[in-house]
K.L.:
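Quick one: the structure is below, questions incoming.
These numbers come from a predicted model, not from an experiment. All ligand and atom numbering here is 1-based and tracks the order in the structure.
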Amino acid sequence: EKGGYDYFMLKEIAEQPKAVADTLLGRIDPAGSLTLDEVRIPDSVLREIDKIVVIACGTAFHAGMIAKLAIEHWTRIPCETELASEFRYRDPILDARTLVIAISQSGETMDTLMALRHAREQGAKVLAVCNTNGSTIPRESDAVLYTHAGPEVAVASTKAFLTQLIACYLVALYLAQVRGSKWGDEVRDVVRELSAVADRVERVLETMEPVRELARSLADKNTVLFLGRHVGYPVALEGALKLKELAYMHAEGFAAGELKHGPIALIEKDLPVVVVVPSPRGRSVLHDKIVSNIQEIRARGARTIVIAEEGDEAVVPYADHLIRIPATPTLLQPLVSTVPLQVFACELATARGNEVDQPRNLAKSVTVE
Ligand code: F6R
């Protein structure tokens, strides 16, 4: 069943290129336009949407944070992303022109389900992004865009996350197509780039041995910090979540710009800090600011573990460990930058003797509020 792998998680990490390709399949035509037939919300309704709210929990919430950046950039529709468990109980402002996107691998998460019921009662349209056919969340939604990751058995979500990102990019790009985007050329380029992503994920997977080695060398550490900015911030949060749930280590993700507002006080000699570096070709200001952050923490003794694009030479002098990822458009970078963090957490869990597929205290689908 595990296809020769020791754990389902390893198998599912390895399946990511296929999961990504399967989720794209049939949704982009050769001319580069998107067809999301399953989204039965008419284009006329999508043209009238004036606000988008993304709700989800855990890893799916991190996908939602990235979705917000993509949606707002490409469509200019105001979008917020909120934890389903917080959203439901704060009397959110919703109406018939609000599109709610509920992201859930299992389709059974109670917090997400309660949030979407609340949204529909207020008249909002709900689109589910889900990996499980016929589960409760898509059944109760107005429309569904299925991710085609295949069954995910390991409790820690990996391939579902990458496909949730793909689905969110497709929704954002589809909205841009239906409504027009001031970034028309960029939208066309990104649609093209999406078809190259599965190969890039494959390339990342082929270069993971040094990451595994690094993880094993950190097995007796107590704390690992993660820093990122823009799309790298949710990736940092995701890296920290994986490490908590699998390695039972204290792991925290921060927005790199917040460092000086508090977290930098945590930096001490030999503390491992993972930094997700944005593409130097995209928002170069962000890139340069992160490079200064790496310098700052290294000057205070941190052991820097830097995830940066191939060809990004600016980070080299400050990286104690350098993990390379293929050059990818800024908003799509999480598809490649998350993968080393999954491998890192899985290997650390193994090195610490933990049960990888079935971490303590956790269940695959959380059907209580
Ligand atoms: C983390 C993880 C959880 C789930 C969360 C939502 O690896 O698996 O954080 O992402 O419980 O689950 P779904 O997506 O099924 O709603």
K.L.:
In the protein, what heavy atom is nearest to atom 7 (O) of ligand 1, and what distance, to one decimal place, separates them?
P.N.:
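Atom 7 (O) of ligand 1 sits closest to the protein heavy atom Glu245 OE2, 2.5 Å.
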
K.L.:
Taking 4.0 angstrom as the limit and counting only heavy atoms of Ser104, give me the atoms of ligand 1 inside it, by number and element.
P.N.:
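Those atoms are 13 (P), 14 (O), 15 (O), 16 (O).
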
K.L.:
Taking C-beta and beyond as the side chain, do Arg27 and Glu38 meet within less than 4.5 Å on heavy atoms?
P.N.:
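Arg27 vs Glu38: side chains touch.
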
K.L.:
For the NZ atom on Lys260, are there more than 12 heavy atoms of other groups (residues, nucleotides or ligands in this structure) within a distance under 6.0 Å?
P.N.:
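Buried by this count: over 12 neighbours within 6.0 Å.
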
K.L.:
Taking 4.0 angstrom as the limit and counting only heavy atoms of Gly58, give me the atoms of ligand 1 inside it, by number and element.
P.N.:
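Once the distances to Gly58 are compared, the set is 9 (O).
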
K.L.:
So which protein heavy atom does atom 8 (O) of ligand 1 come closest to, and at what separation?
P.N.:
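Its nearest protein heavy-atom neighbour is Val155 O, 3.1 Å.
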
K.L.:
Any N or O on Thr109 sitting closer than 3.5 Å to an N or O of ligand 1?
P.N.:
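N/O-N/O distance below 3.5 Å exists for this pair.
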
K.L.:
With backbone taken as N, CA, C and O and side chain as the heavy atoms from C-beta onward, which portion of Glu108 lies under 4.0 Å from ligand 1: side chain, backbone, both, or neither?
P.N.:
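Contact part for Glu108 vs ligand 1: neither.
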
K.L.:
Can you list the atoms of ligand 1 that are under 4.0 Å from a heavy atom of Ser157?
P.N.:
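Atoms satisfying the 4.0 Å criterion: 7 (O), 8 (O).
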
K.L.:
Using a strict cut-off of 4.0 Å, indicate which atoms of ligand 1 neighbour a heavy atom of Ala156.
P.N.:
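Answer for ligand 1: 7 (O).
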
K.L.:
Going by the order shown, which atoms of ligand 1 are within less than 4.0 Å of some heavy atom of Ala60?
P.N.:
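By the 4.0 Å cutoff, the relevant atoms are 10 (O), 14 (O).
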
K.L.:
Only heavy atoms of Lys242, strictly under 4.0 Å: list the atoms of ligand 1 that pass.
P.N.:
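Counting from 1, the qualifying ligand atoms are 1 (C), 7 (O).
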
K.L.:
Closest non-hydrogen protein atom to atom 14 (O) of ligand 1, residue and atom name please, with distance?
P.N.:
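Atom 14 (O) of ligand 1 sits closest to the protein heavy atom Gln105 N, 2.6 Å.
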
K.L.:
I'd like to check whether Thr112 has a polar contact with ligand 1, where a contact means an N/O of the residue lying under 3.5 Å from an N/O of the ligand.
P.N.:
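Not met; the criterion fails.
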
K.L.:
Looking at every non-hydrogen atom in both residues, tell me the closest pair between Lys159 and Glu152 and how far apart they are.
P.N.:
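Between these two residues, the closest heavy atoms are N-OE2, 3.3 Å.
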
K.L.:
What protein heavy atom lies closest to atom 10 (O) of ligand 1? Include the residue and the distance to one decimal.
P.N.:
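Checking every protein heavy atom, the shortest distance to atom 10 (O) of ligand 1 gives Thr59 N, 3.2 Å.
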
K.L.:
Answer yes or no: does atom CG of Asp91 have more than 12 heavy-atom neighbours from other residues, nucleotides or ligands under 6.0 Å?
P.N.:
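Open: at most 12 neighbouring heavy atoms sit under 6.0 Å from CG of Asp91.
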
K.L.:
What I'd like to find out is whether the side chain of Val155 reaches to under 4.5 Å of the side chain of Gln358, using heavy atoms alone.
P.N.:
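Yes - at least one pair of side-chain heavy atoms lies under 4.5 Å apart.
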
K.L.:
Do Ile93 and Lys51 come within less than 4.5 Å of each other through their side chains, counting heavy atoms only?
P.N.:
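Yes, at least one pair of side-chain atoms sits under 4.5 Å.
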
K.L.:
Quick check: do Glu1 and Val153 have side-chain heavy atoms less than 4.5 Å from each other?
P.N.:
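Side chain of Glu1 against side chain of Val153, heavy atoms only: no contact under 4.5 Å found.
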
K.L.:
Within the structure provided, determine whether Gln105 and Thr132 are in side-chain contact (heavy-atom separation under 4.5 Å).
P.N.:
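Gln105 vs Thr132: side chains touch.
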
K.L.:
So do the side chains of Phe61 and Pro234 get within less than 4.5 Å of each other, counting heavy atoms only?
P.N.:
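Side chain of Phe61 against side chain of Pro234, heavy atoms only: no contact under 4.5 Å found.
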
K.L.:
Evaluate whether atom NZ of Lys364 has more than 12 neighbouring non-hydrogen atoms of other residues, nucleotides or ligands under 6.0 angstrom away.
P.N.:
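Counting neighbours around NZ of Lys364, more than 12 heavy atoms of other residues, nucleotides or ligands fall under 6.0 Å, so yes.
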
K.L.:
Starting from atom 11 (O) of ligand 1, find the nearest protein heavy-atom neighbour and note its residue, name and distance.
P.N.:
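Of every protein heavy atom, Val366 CG2, 4.3 Å lies nearest to atom 11 (O) of ligand 1.
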
K.L.:
Tell me: protein heavy atom nearest atom 15 (O) of ligand 1, and distance?
P.N.:
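So the nearest neighbour among protein heavy atoms is Ser106 OG, 2.7 Å.
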
K.L.:
Could you find the nearest protein heavy atom to atom 5 (C) of ligand 1 and give me its residue, atom name and distance?
P.N.:
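For atom 5 (C) of ligand 1, the nearest protein heavy atom is Cys57 O, 3.6 Å.
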
